[in-house]
Q: 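Quick one: this structure, given as structure tokens, is what I'll be asking you about.
Below, chain A is the first sequence line, B the second, and so on; all start at residue 1.
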Amino acid sequence: QKEVEQDPGPLSVPEGAIVSLNCTYSNSAFQYFMWYRQYSRKGPELLMYTYSSGNKEDGRFTAQVDKSSKYISLFIRDSQPSDSATYLCAMSRRFTGGGNKLTFGTGTQLKVEL
Amino acid sequence: GAVVSQHPSWVICKSGTSVKIECRSLDFQATTMFWYRQFPKQSLMLMATSNEGSKATYEQGVEKDKFLINHASLTLSTLTVTSAHPEDSSFYICSAPLAGGQDTQYFGPGTRLTVL
């Protein structure tokens, strides 16, 4: 079983729709949760970062963490064609030596259509 | 936000040659950098952790003699793919956490390596 599970999609939605992206994880040692957006042939771009259960909002994006269920979500409101990308969830736990190693989900490919 | 650059952005080489990829943190210092490999339609796989002034730490299954890592300064880490073969063709991405903010990482734009 993978430590982080994420549906690879593809997920296709009409412009303006609310998008829900999800990841589950099995390791309760994960403390920090991130969502990255990756356009084709580009490096990942950090979208959201959370470390506690609950919701965090930033513009059209809302990250949700439920540690008791080991489940995280990213919601995108009023989705735009420019949101079409692969969305990767990532998690980390402390380790000695500085810097946290990230464990990624497989990524969900999202396409927002006109 | 923090900026991480990589050079080159793409490289094509012949089988058996070595290729060096640079990762630089442009506006912050990074005592630690990470190197990932990403195959088409797959997620990022951590290859190694680059530590300034000390040896890199490699993930299980990654050959340290094939993927040489040097972290010569607080803003530069290099990955050298030695004796490259076609199966080494991939997208290589580095990342660096902000010093003091160890929980978030900023990624470079990636280097696409094609070995003929």
Q: Considering only heavy atoms, which portion of B:Gln6 lies under 4.5 Å from any heavy atom of chain A: side chain, backbone, both, or neither?
A: neither
Q: Given a strict heavy-atom distance threshold of 4.5 Å, which part of B:Leu44 is in contact with chain A: side chain, backbone, both, or neither?
A: both
Q: So if you build clusters from Ile, Leu, Val, Met, Phe, Trp, Tyr with side-chain heavy-atom gaps below 4.5 Å, do B:Met33 and B:Ile69 land together?
A: no
Q: Is there side-chain contact between A:Leu46 and B:Gln105, with heavy atoms separated by less than 4.5 Å?
A: no
Q: For A:Gly107, does its backbone N or O pair with a side-chain atom of B:Ser43 as donor and acceptor, under 3.5 Å?
A: no
Q: Is any side-chain heavy atom of B:Ile93 less than 4.5 Å from a side-chain heavy atom of A:Gln38?
A: yes
Q: Please report the C-alpha distance between B:Thr57 and A:Lys101 in whole Å, then the side-chain angles of each, then the deciding distance to 0.1 Å, and finally whether the side chain to side chain contact (heavy atoms under 4.5 Å, CB included) criterion is met.
A: CA-CA 11 Å; B:Thr57 306; A:Lys101 295 167 64 170; over 6 Å; no
Q: Can you tell me if A:Lys67 has over 12 outside heavy atoms packed within less than 6.0 Å of its NZ?
A: yes
Q: At a heavy-atom distance under 4.5 Å, which candidate from A:Gly105, A:Pro8, A:Ser40 has the highest pair count against chain B?
A: A:Gly105
Q: Under 4.5 Å between any side-chain heavy atoms of B:Phe107 and A:Glu45, yes or no?
A: no
Q: For atom NZ of B:Lys66, decide whether the heavy atoms of other residues, nucleotides or ligands shown that lie under 6.0 angstrom number more than 12.
A: yes
Q: Out of curiosity, does B:Val115 fall in the hydrophobic cluster containing B:Tyr36 (side-chain heavy atoms, cut-off under 4.5 Å, transitive links)?
A: no
Q: Report the option among B:Pro109, B:Gly110, B:Pro40 that has the most heavy-atom pairs separated by less than 4.5 Å from atoms of chain A.
A: B:Pro109
Q: As an exercise: rank B:Gln38, B:Lys41, B:Met45 by heavy-atom pairs under 4.5 Å with chain A and give me the winner.
A: B:Gln38
